Amino acid sequence: MKIVMAHGSGGNATRELIKDLFHKYLANDYLDKMEDSAILPVSEYPLAMTTDSFVVTPLEFPGGDIGKLAVCGTVNDLWMAGAEPQYLTAGFILEEGLDMDLLDRVVASLSRTAKEAGIKIVAGDTKVVQGNGGLYINTAGLGFRKSGRNIGTDVIREGDALIVSGDLGNHHACIMSQRMEIINSIQSDCANLGPMVEDLLQAGIEVRAMRDITRGGLGTVLNEIAEASNHAVEIEEKRIPVDPEVKSFCDILGLDPLYMANEGKFLCITAQEHAERALNILKQNSLGTKARLIGSVAETGRPLVTVKTRLGGKRVIDVLYGEGLPRIC
Amino acid sequence: MNLDKILKELAGDHQELKIMEVCGTHTSSIFKNGIRSLLSPEIRLISGPGCPVCVTPASYIDKAIEWALTPNCVLLTFGDMMKVPGSEKSLSEAKADGARVEIMYSPQEALKKAAANPELTYVIACVGFETTIPSYALVIEQTERSGLTNIKFLTALRKVMPALDFICATDNEISAFIAPGHVSTILGSQAYADLAEQYMKPFAVAGFEGEHILIAIYDLVKQVENHKHEVHNLYPSVVKPEGNAVALAYISNYFESGPAFWRGIGVIEDSGLYLNQKYRKYDAGSADLAGDAAQKTTNCRCGEVILGKINPDECPMFGKACTPAKAQGPCMVSSEGTCGIWFRFTKK
């Protein structure tokens with residue numbers, strides 16, 4: 001069965017879609033009231049709020065799908081501010097012709113991932129547009145910063161350590177392999193980073209700032225950190241973790257893992273004296289076994305990112321320009 | 001000789017010399033590995049014309065846009081062509097204005113699309129040097145075999161050897177060449193022997209790792225200092241002296257040589273490849289683009305950059321009017337383009 005325009009009419013077909021599919025997976029006390037707004041309890045903690053839209057193709061890929069991605073992406077954005085995710089909204093834009101079984105699997109995955117992340121879906125929306133069977137999801141997330149920590153680029157200091165939580169580029173390489181119909185075993189790293197962040201905060205690690213390394217990759221994130229904090233950042237190429245299969249894939253297509261998107265990796269900036277302990281904590285988590293200390297924050301007043309190459313040379317890392325598409329030759 | 005020794009020697013005193021890396025992927029690797037920072041200032045690396053996107057003329061982009069605006073036609077292109085400026089606009093700008101342009105990851109995609117949508121004509125933008133040309137020939141073969149009549153080929157295919165000959169004949173300042181690695185897998189290392197002999201310039205065929213390039217530079221420095229001009233294949237695991245006979249046969253079966261316009265340089269005789277008589281029925285008007293009447297005169301100095309006469313930052317537009325976000329010249333567009341590489345890796 002396929003999605004047709006009537007599913008977005010607001011009439012009988014819409015009601016059936018909501019009852020038979022969305023309610024089946026997403027039901028909870030807030031959503032079941034079917035009010036125009038969810039009324040949420042007051043909290044003593046500062047609020048963190050974020051939103052993101054998910055437009056990935058293919059909709060299902062090794063290691064995840066758009067539903068899992070929609071929850072992890074938003075939940076991770078909250079964790080990066082040191083906020084524990086609490087509530088999520090989900091807006092679905094369905095293209096006419098979308099396979100109903102595929103939508104069922106995506107909503108089931110979204111629901112499962114939300115439960116695992118301990119976040120409640122409190123409001124939702126569905127629209128149907130003309131198209132070719134595509135699906136887009138927008139999520140907004142609300143969280144509480146229970147740690148009381150001031151985490152952000154404004155507290156970064158000269159000498160702070162830079163740690164990445166694992167191999168870079170897997171999500172991007174996986175999606176590209178699927179689009180190009182290249183057979184390999186590369187899986188997306190799509191994951192909830194919450195448990196790793198919680199472990200760091202509960203252990204009392206002096207976390208200055210965190211960023212999930214999504215679009216634009218590590219190169220872009222480092223530049224954002226440098227500009228926001230007005231510090232130079234220095235990393236070492238040989239310390240940057242990249243899976244050998246992803247590296248080969250990048251070499252063939254002329255792509256740079258430094259600029260490739262991830263959906264389950266983050267950059268953590270800690271006080272230098274806490275770096276070793278932070279690294280050990282991350283490595284104990286199954287998602288952080290490849291965590292590496294990649295460099296440090298250098299002089300102030302100069303927002304420049306440089307890398308010491310394997311050969312001992314030095315070069316600048318700028319933000320990603322354009323789309324990071326495979327080269328011609 | 002181990003790498004530490006090579007690094008030490010290359011950082012020491014030398015006579016002044018200019019080495020051209022012809023291939024854009026070599027340029028990219030040189031910057032990625034910070035190789036310039038490891039060399040004595042006397043050893044200058046010059047980036048050559050080895051990015052096919054950079055040398056594609058404006059009239060080609062105009063023609064591609066014309067097809068993309070033709071009813072029931074779809075233009076298929078590799079992503080790095082999207083921002084190359086035509087005489088009025090780029091493919092990316094034309095797409096935003098409603099032209100039907102789709103990014104492909106492989107020209108093979110056209111076969112599936114054309115079979116699924118017989119009411120549409122798919123025009124493949126075929127840009128590249130000898131490395132990619134056999135893959136286009138393969139798609140022509142498959143098109144012919146499948147009986148599909150809704151695929152066309154808009155070609156801007158270029159041969160590297162005539163361009164190298166042109167550089168050697170017009171510029172005596174280049175002391176030595178790092179031969180283009182990808183192209184050498186097809187042409188073979190011996191393809192450079194005549195040029196090396198005629199112009200008394202040494203060539204080294206190198207792989208793309210930083211170590212490969214350093215070894216090639218060392219080899220060329222030693223050849224120049226010892227007044228030698230030989231062709232050394234330093235990438236024998238991939239490049240054979242005779243090249244790839246199957247790929248070369250594909251090229252000669254489907255294409256014939258003719259004059260071609262290289263953006264920034266002008267017309268180089270015998271440097272273009274066009275569909276031959278037997279397969280010309282698939283051509284989308286490529287042969288008419290041998291000149292470039294559409295080329296606008298601007299302050300862009302990409303031509304001098306790809307001939308190694310100036311460094312990108314000597315162009316008055318570099319990093320100001322011309323950036324990767326708003327490229328004025330083609331060398332700033334592609335990830336393999338000299339200006340784009342300089343911009344990304346030399347931010348101060």
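First the proteins, then the strands, lettered A, B, ... as listed; each starts at 1. Just so it is clear, the structure is predicted and the values come from calculations on it, not from any experiment.
Around the CG atom of A:Asn132, the shell of radius 6.0 Å holds no more than 12 heavy atoms that belong to other residues, nucleotides or ligands. Within a 6.0 Å sphere centred on NZ of B:Lys95, heavy atoms belonging to other residues, nucleotides or ligands number 12 at most.
For the atom pair NZ of B:Lys32 and CG of A:Leu311, the computed distance is 13.0 Å after rounding to the nearest 0.5 Å. To the nearest 0.5 Å, the span separating CE on A:Met180 from CD on B:Glu109 amounts to 7.5 Å.
B:Phe208 is linked by a ring-ring contact (aromatic ring centres under 6.0 Å, His included) to B:His26, B:His182, counting only residues two or more places apart in sequence or in another chain. In this structure, the salt bridge (charged side-chain N to carboxylate O under 4.0 Å, His left out) partners of B:Glu102, at least two apart in sequence or on a different chain, are B:Lys113.
Of all heavy-atom pairs between B:Ser37 and A:Gly313, the closest is OG-CA, 3.4 Å.
In this structure the side chain of B:Tyr105 reaches within 4.5 angstrom of the side chain of A:Met176, judged on heavy atoms. Considering only heavy atoms from C-beta on, B:Gln108 stays 4.5 Å or farther from A:Glu181 through its side chain.
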Identify all side-chain donor-acceptor contacts of residues 210-218 of chain A below 3.5 Å with residues at least two apart in sequence or on another chain.
residue	atom	partner	partner atom	Å
A:Arg211	NH1	A:Glu224	OE1	2.9

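Of residues 3-11 of chain B, those residues lying under 4.5 Å from chain A by any heavy-atom pair are B:Leu3, B:Leu7.
Contact of B:Glu211 with chain A is made through backbone and side chain together, with heavy-atom distances under 4.5 Å.
For the pair A:Arg315 (side chain) and B:Gly34 (backbone), a donor-acceptor distance under 3.5 Å is absent.
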